[in-house]
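Following: one structure in structure tokens, then a few remarks.
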Amino acid sequence: MKPKEIIKKARKFADTFRVTNGKKFRLKNFDPADTLGIKSQNKPRAQEALAVGVQAMADFQDKLYAQDKWAVLLIFQAMDAAGKDGVIKHVMSGVNPQGCDVHSFKSPSAEDLDHDYLWRCQKALPNRGHIGIFNRSYYEETLVVRVHPELLARQKLPTELVTKKIWEHRFEDIRNLEQYLSRNGVVVRKFFLHLSKKEQKRRFLERIETPEKNWKFSASDAAEREHWDEYMAAYEDMIRQTATEASPWYVVPADNKWFTRIIVAAAVIETLASLGLEYPEVGPDKLKELAAAKAALLKK
Ligand code: ATP
Ligand code: MG
């Protein structure tokens, strides 16, 4: 496939799941089991397409790195067992590790809690020329912290600042941060891997029943299922409040892993293609330098 065709296809896939205007967003309009009509028998072909996509991504990344102008930040959020780790591993399998950094954000440390909540994420923002991946992010501050108020109580905030408006304020601050980043050449794309409660149950059972997967199972993850509806409400509000033209959310169906990976790859390709990446142009001085170096090399 020619690069132009790959980009066109990627755009077609990714656009369906991209949310740029939060106000119109409703989670119920998105089906976690959607495959855009592709049957699972056609999975091998879909996987071939993914391999082509991964190669295209590697070519773009090479230019991104050489140009040293844009930075790309990919944020992944999801319920447990939605497949964040697998997506990151597969989709980024072709990229040069020198230009790609992955950061996982777990429960905040004592040092983290001694700072504002954006602090630990801001320290991890990607350099120009790099792709940064956040496996969870500051968005947890509007998800797990919203569902479990005791986590907010641990944050040592001055009590007069903890009002009913706290979530509204956090969304505003996050929107402002992302706008600031986009105005500085840091391109932010956010992925919500949208898993159904039923498929999560199936995956948890599989983790319990397969010895090689036992290590992945945590009883506390399963306990979080009791708060499923609260989480879904928090995710919906998060997307409604923070999906913008400059930093959209992709609501990626996550009940079929092969499909999730294709959509994420398509979205990354769509994003990189939109940046007009080219290798830096070589000026007359550099050309002279190259010619002189060649002549010197040939002499010896
Ligand atoms: P994952 O669950 O992402 O696959 P993991 O199982 O290796 O990774 P955990 O030790 O479960 O890692 O850490 C992730 C946990 O940290 C999640 O339950 C998440 O809700 C929690 N977490 C992340 N950010 C925050 C935050 N800002 N405040 C409180 N809890 C957070
Ligand atoms: Mg976990």
Side-chain angles (χ1 to χ4, degrees), residues 32 73-92 101-125 132-157 161-162 166-167 169-174 177-178 188 190-195 197 199-208 210 212-239 241-242 252 254-255 257 260-261 264:
L73 174 62
L74 309 175
I75 296 180
F76 290 88
Q77 289 292 157
M79 294 300 280
D80 283 297
K84 281 185 283 108
D85 293 17
V87 161
I88 294 169
K89 191 165 90 182
H90 278 84
V91 172
M92 306 320 283
D101 336 287
V102 184
H103 294 272
S104 299
F105 295 98
K106 305 194 189 276
S107 201
S109 69
E111 193 190 14
D112 295 334
L113 290 172
D114 226 11
H115 292 86
D116 61 281
Y117 70 85
L118 289 174
W119 178 74
R120 63 175 180 161
C121 294
Q122 279 179 319
K123 281 194 304 180
L125 288 170
I133 294 177
F134 283 2
N135 182 347
R136 303 185 188 269
S137 66
Y138 45 78
Y139 280 106
E140 290 292 334
E141 296 289 335
T142 72
L143 297 165
V144 68
V145 181
R146 196 173 185 182
V147 173
H148 294 285
E150 67 276 14
L151 296 177
L152 188 61
R154 277 175 51 206
Q155 294 192 348
K156 306 207 276 182
L157 288 162
L161 299 181
V162 185
I166 189 154
W167 312 117
H169 290 158
R170 286 192 169 185
F171 289 133
E172 186 182 326
D173 293 335
I174 289 173
L177 167 75
E178 291 178 353
V188 185
K190 301 159 313 198
F191 298 87
F192 168 45
L193 307 190
H194 185 208
L195 180 73
K197 195 176 179 189
E199 176 62 16
Q200 192 199 45
K201 181 177 173 178
R202 200 194 63 73
R203 291 185 190 174
F204 279 159
L205 287 172
E206 190 178 287
R207 288 178 180 187
I208 292 170
T210 317
E212 293 76 28
K213 290 190 177 175
N214 282 172
W215 65 275
K216 280 192 194 174
F217 182 78
S218 127
S220 62
D221 290 352
E224 284 305 281
R225 284 170 63 77
E226 280 178 35
H227 300 285
W228 187 273
D229 293 345
E230 291 154 76
Y231 271 109
M232 289 307 117
Y235 273 111
E236 183 175 75
D237 201 27
M238 171 191 84
I239 294 168
Q241 301 286 343
T242 60
V252 185
D255 278 7
K257 286 184 179 172
T260 312
R261 289 166 191 172
V264 172

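Counting convention: from 1, in listed order, for ligands and their atoms alike.
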**Asked** Quick one: which of Arg136, Glu141, Arg120, Gln77 has a heavy atom closest to atom 25 (C) of ligand 1?
**Response** Arg120
**Prompt:** Hey, looking at atom 21 (C) of ligand 1, which of Cys121, Ser107, Ala78 has the closest heavy atom?
**Reply:** Ser107
**Request:** Using a strict 4.0 Å cut-off to heavy atoms of Val144, name the atoms of ligand 1 that fall inside it.
**Result:**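 Here the atoms of ligand 1 in question are 20 (O), 29 (C), 30 (N), 31 (C).
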**Message:** If the cut-off is 4.0 Å to any non-hydrogen atom of Asp80, which atoms of ligand 1 fall inside it?
**Reply:**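 Answer for ligand 1: 2 (O).
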**Prompt:** Is any side-chain heavy atom of Val264 closer than 4.5 Å to a side-chain heavy atom of Ile88?
**Reply:**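 No; the side chains remain at least 4.5 Å from each other.
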**Request:** For residues Met232 and Met79, determine if any side-chain heavy atom of one lies less than 4.5 Å from a side-chain heavy atom of the other.
**Result:**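 Touching, per the 4.5 Å side-chain cut-off.
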For [X], which part has a heavy atom under 4.0 Å from ligand 1: side chain, backbone, both, or neither?
{"X": "Pro108", "value": "side chain"}
{"X": "Asp221", "value": "neither"}
{"X": "Lys84", "value": "side chain"}
{"X": "Val145", "value": "side chain"}

**Asked** Just by distance, do the side chain of Glu199 and the backbone of Ala254 share a donor-acceptor pair under 3.5 Å?
**Response** no
**Prompt:** Would you say the side-chain atoms of Asn214 pair up with the backbone N or O of Ile208, donor to acceptor, closer than 3.5 Å?
**Reply:** yes
**Request:** To the nearest 0.5 angstrom, please state how far the CG atom of Leu73 sits from the CD1 atom of Ile133.
**Result:**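 Leu73 CG to Ile133 CD1: 9.5 Å, rounded to 0.5 Å.
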**Message:** As a test of the contact definition, would atom 6 (O) of ligand 1 count as having a protein heavy-atom neighbour under 4.0 Å?
**Reply:** no
**Protein non-hydrogen atom found under 4.0 Å from atom 11 (O) of ligand 1** = no
**Asked** Hey, does Met79 sit under 4.0 Å from ligand 1 if you only count heavy atoms?
**Response** no
Under 3.5 Å, is there a donor-acceptor pair between the [X] and [Y] side chains?
{"X": "His227", "Y": "Glu230", "value": "yes"}
{"X": "Ser137", "Y": "Gln77", "value": "yes"}
{"X": "Glu141", "Y": "Gln155", "value": "yes"}

**Asked** Does an N or O from Ser137, backbone or side chain, lie closer than 3.5 Å to an N or O of ligand 1?
**Response** no
**Minimum-distance protein heavy atom relative to atom 20 (O) of ligand 1** = Glu140 OE1, 3.3 Å
**Fill in**
The closest protein heavy-atom partner of atom 8 (O) of ligand 1 is Lys106 NZ, 3.5 Å
**Message:** With ring pair (Phe, Tyr, Trp, His ring centres under 6.0 Å) as the test, pick out the partner of Phe105 among Phe76, Tyr117, Trp119, Phe134.
**Reply:** Phe134
